[in-house]
Asker: 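Here it is: the structure, laid out below.
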Amino acid sequence: MESLNRMAVELVDEAIDFADELAIEVHELDNGAVVLDFGVDALGGVEAGLLLAEIQTGGLATVQTGVRDLEGTPRTYVEVSTDHPAMAFLAAQKAGWELSIEGFEGLGSGPARALVAEEEEFQRIGYRDAADFTVLAVESDELPGEAVAEHVAERTGVPTSSVFLPTFSTASLTGSVALAGRAGELATFRLSELGYDPLDVLSVTASAPVAPVPGSDNEAMARTNDALAYGSRVHATVETGFDRFDEVASTAGDEFGTPFAEIFADHEWDFYDLPVELFAPAQVTVDVIGEGVEVIGGTDEALLAESFGLR
């Protein structure tokens, strides 16, 4: 397969070429690294969020929007589809890189992780990327500087001038769109965590609503997680059966039915302190080739409408 980072850089080049149309800003740092402001100081938007989600999946997913009803109101939904879920979601899109460098705090996702390949997912997949440049999408309320770029370059083994850092705030339209595109990743991750071979997940299509953009990152973090845990739907086609499919959806968790604002508050808004099983899609249909179909979980539109301020 083509390098995930190579495919992502091609999409980053597209973002640079159409920066004005996407309402994003491009900054070259003194050390040659490039920061793309997808929604920190820049406005960003729906199209920026869709392209960012595609970058995060290493170009292996189709990302698009549609409109559906939520409690009788039209809402934008993001749909993501891929025939390479292990690679697109676990080797690329998963937010598995915590950044805490010289006062900067952020969460990294994207194919740069595949150049480091230290997370368990890479052993399960048997993949490590090789490339001369890298892309790490950064979720933060501030833009990364040279120290962050140098850290990424050192970890990935590429020159600092070959580091690209598309960055977005959780409390931005770009952030709401890109984060709504994570439902398929959550389902694939849950299956992998439960012991299912991620390479046996053949195809995934998922959708989730775009959360309204609030005034703070904390509220945005709560709303975007509510959108996934209570409003997302996933359809997966898999190679083999599994006796733990019923644990994939968020309904299997003890905290199902509790808004994420309350859950985060109980954990002092520490993302890494939350139980991993909280991060799961609301409803999942699993088609096992040659065997049958299982439907797990269900959405909670009433909770979602409350979270989104529709009530």
Side-chain angles (χ1 to χ4, degrees), residues 53 68-71 75 77-81 85 89-90 93-96 107 109 121 139 170 175-196 198 201 204-212 218-238 242-267 269-287 293-308 310-311:
R68 298 182 187 173
D69 275 0
L70 174 62
E71 286 276 283
R75 298 293 313 173
Y77 276 66
V78 172
E79 183 177 286
V80 176
S81 184
F89 295 148
L90 301 186
Q93 189 185 28
K94 178 176 174 278
L107 186 60
S109 61
E121 287 81 8
E139 183 178 352
T170 315
S176 284
V177 171
L179 293 169
R182 290 189 175 277
E185 179 245 304
L186 292 182
T188 308
F189 174 71
R190 284 293 296 148
L191 282 167
S192 179
E193 287 291 291
L194 291 168
Y196 192 78
V201 185
V204 171
T205 298
S207 71
V210 175
N218 280 353
E219 189 177 355
M221 188 163 60
R223 280 184 174 178
T224 53
N225 278 286
D226 283 338
L228 294 167
Y230 300 113
S232 66
R233 293 178 171 92
V234 178
H235 173 240
T237 300
V238 303
F242 188 50
D243 61 2
R244 301 183 70 181
F245 282 144
D246 60 343
E247 298 178 50
V248 174
S250 60
T251 48
D254 292 338
E255 308 242 23
F256 184 82
T258 304
F260 262 85
E262 295 181 21
I263 296 172
F264 275 119
D266 288 343
H267 292 267
W269 296 94
D270 185 348
F271 179 88
Y272 292 97
D273 190 45
L274 269 61
V276 67
E277 60 268 16
L278 284 175
F279 301 102
Q283 188 173 40
V284 183
T285 298
V286 181
D287 290 5
V293 178
E294 289 193 39
V295 182
I296 307 105
T299 60
D300 188 337
E301 290 198 355
L303 186 152
L304 206 53
E306 188 74 30
S307 172
F308 284 8
L310 301 177
R311 290 186 168 188

Asker: Measure the acute angle between the ring planes of Phe260 and Tyr230, then classify it against the limits of 30° and 60° as parallel, tilted or perpendicular.
Answerer: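 Phe260 and Tyr230: perpendicular rings.
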Asker: Are any side-chain N or O atoms of Ser176 and backbone N or O atoms of Val210, one a donor and one an acceptor, separated by less than 3.5 Å?
Answerer: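 A pair under 3.5 Å: no.
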Asker: Listing request: all salt bridge (Lys or Arg N to Asp or Glu O under 4.0 Å) pairs with a residue in residues 179-194, at least two apart in sequence or in separate chains.
Answerer: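 Passing the test, one end in residues 179-194: Arg124-Glu193, Arg182-Glu185.
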Asker: Main chain of Phe189, side chain of Glu121: is a donor-acceptor contact present, judged purely on distance under 3.5 Å?
Answerer: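 No, the answer is negative, given that no donor and acceptor are paired below the 3.5 Å cut-off.
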Asker: Rounded to the nearest 0.5 Å, how far does CZ of Phe242 lie from CG of Leu194?
Answerer: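 Here the rounded value is 5.5 Å.
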Asker: Return the CG to CG distance between Leu186 and Leu278, rounded to the nearest 0.5 Å.
Answerer: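 Output value for this atom pair is 11.0 Å.
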Asker: Restricting to side chain to side chain donor-acceptor pair (under 3.5 Å), what partner residues turn up for Asp287, sequence neighbours left out?
Answerer: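 Asp287 satisfies side chain to side chain donor-acceptor pair (under 3.5 Å) with His235 once adjacent residues are dropped.
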Asker: Determine which pairs satisfy side-chain hydrogen bond (donor to acceptor under 3.5 Å, both in side chains) with at least one residue from residues 257-267, sequence neighbours left out, and list them in order.
Answerer: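 Output for this query lists His267-Asp273.
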Asker: When you measure from the side chain of Ser232 to the backbone of Ala282, do you find a donor-acceptor pair of N or O atoms at a distance under 3.5 Å?
Answerer: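 Yes, Ser232 side chain to Ala282 backbone: donor-acceptor pair under 3.5 Å.
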Asker: Give the minimum heavy-atom separation between Pro198 and Leu90, together with the two atoms involved.
Answerer: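 Shortest heavy-atom contact: CB-CD1, 3.7 Å.
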Asker: Does atom CG of Asp69 have more than 12 heavy-atom neighbours, drawn from other residues, nucleotides or ligands, at distances under 6.0 Å?
Answerer: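 Counting neighbours around CG of Asp69, more than 12 heavy atoms of other residues, nucleotides or ligands fall under 6.0 Å, so yes.
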Asker: Closest heavy-atom contact between Thr205 and Ser81?
Answerer: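 Of all heavy-atom pairs spanning Thr205 and Ser81, the closest is OG1-OG, 2.9 Å.
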Asker: Quick one: closest heavy-atom pair of Ala229 and Ser250, and the distance?
Answerer: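 For Ala229 versus Ser250, the nearest heavy atoms are O-OG, 2.6 Å.
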Asker: Spell out, as yes or no, whether a donor-acceptor pair under 3.5 Å connects the side chain of Arg68 to the backbone of Arg75.
Answerer: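 It does not hold such a pair.
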Asker: Grab the two heavy atoms, one from Thr251 and one from Gly297, that are nearest each other, plus how far apart they are.
Answerer: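 Minimum heavy-atom separation between Thr251 and Gly297: OG1-CA, 3.2 Å.
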Asker: Are Leu70 and Leu304 side-chain neighbours, meaning at least one heavy-atom pair lies under 4.5 Å?
Answerer: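 Counting from C-beta outward, Leu70 and Leu304 do come under 4.5 Å.
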Asker: What I'd like to find out is whether the side chain of Phe245 reaches to under 4.5 Å of the side chain of Val238, using heavy atoms alone.
Answerer: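 Yes; the side chains approach each other to less than 4.5 Å.
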Asker: For Phe279, what residues pass the ring pair (Phe, Tyr, Trp, His ring centres under 6.0 Å) criterion, not counting sequence neighbours?
Answerer: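 For Phe279, the residues satisfying ring pair (Phe, Tyr, Trp, His ring centres under 6.0 Å) (neighbours in sequence not counted) are Phe271.
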Asker: What verdict does the side-chain hydrogen bond (donor to acceptor under 3.5 Å, both in side chains) test give for Thr170 and Glu139, after you've listed the backbone C-alpha separation in whole Å, the side-chain angles of each residue and the deciding distance to 0.1 Å?
Answerer: CA-CA 7 Å; Thr170 315; Glu139 183 178 352; 2.6 Å; yes
Asker: So how far is it from Leu303 CG to Glu71 CD, rounded to the nearest 0.5 Å?
Answerer: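 One finds 10.0 Å between CG of Leu303 and CD of Glu71.
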Asker: Distance check, rounded to the nearest 0.5 Å: Glu294 atom CD versus Asp246 atom CG?
Answerer: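 Between Glu294 CD and Asp246 CG, I get 7.5 Å after rounding to 0.5 Å.
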Asker: If a pair satisfies salt bridge (Lys or Arg N to Asp or Glu O under 4.0 Å) and one of its residues is in residues 219-231, list it, with sequence neighbours excluded.
Answerer: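 Sorted pair list: Glu219-Arg223.
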Asker: Nearest 0.5 angstrom please: Ser109 OG to Phe89 CZ, how far?
Answerer: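 Answer for the OG-CZ pair, Ser109 versus Phe89, is 13.0 Å.
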Asker: With sequence neighbours excluded, what pairs up with Glu247 under the salt bridge (Lys or Arg N to Asp or Glu O under 4.0 Å) test?
Answerer: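 Glu247 satisfies salt bridge (Lys or Arg N to Asp or Glu O under 4.0 Å) with Arg244 once adjacent residues are dropped.
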Asker: Which heavy atom in Gly231 sits nearest to a heavy atom in Pro209, and how many Å separate them?
Answerer: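 Between these two residues, the closest heavy atoms are O-CD, 3.5 Å.
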Asker: Looking at Ala249 and Ala280, what are the two nearest heavy atoms and their distance?
Answerer: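 Taking Ala249 first and Ala280 second, the nearest heavy atoms are C-CB, 3.9 Å.
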Asker: Are Val201 and Tyr196 close enough that some pair of their side-chain heavy atoms sits under 4.5 Å apart?
Answerer: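 The answer is yes, as the side chains (C-beta and beyond) meet within the 4.5 Å cut-off.
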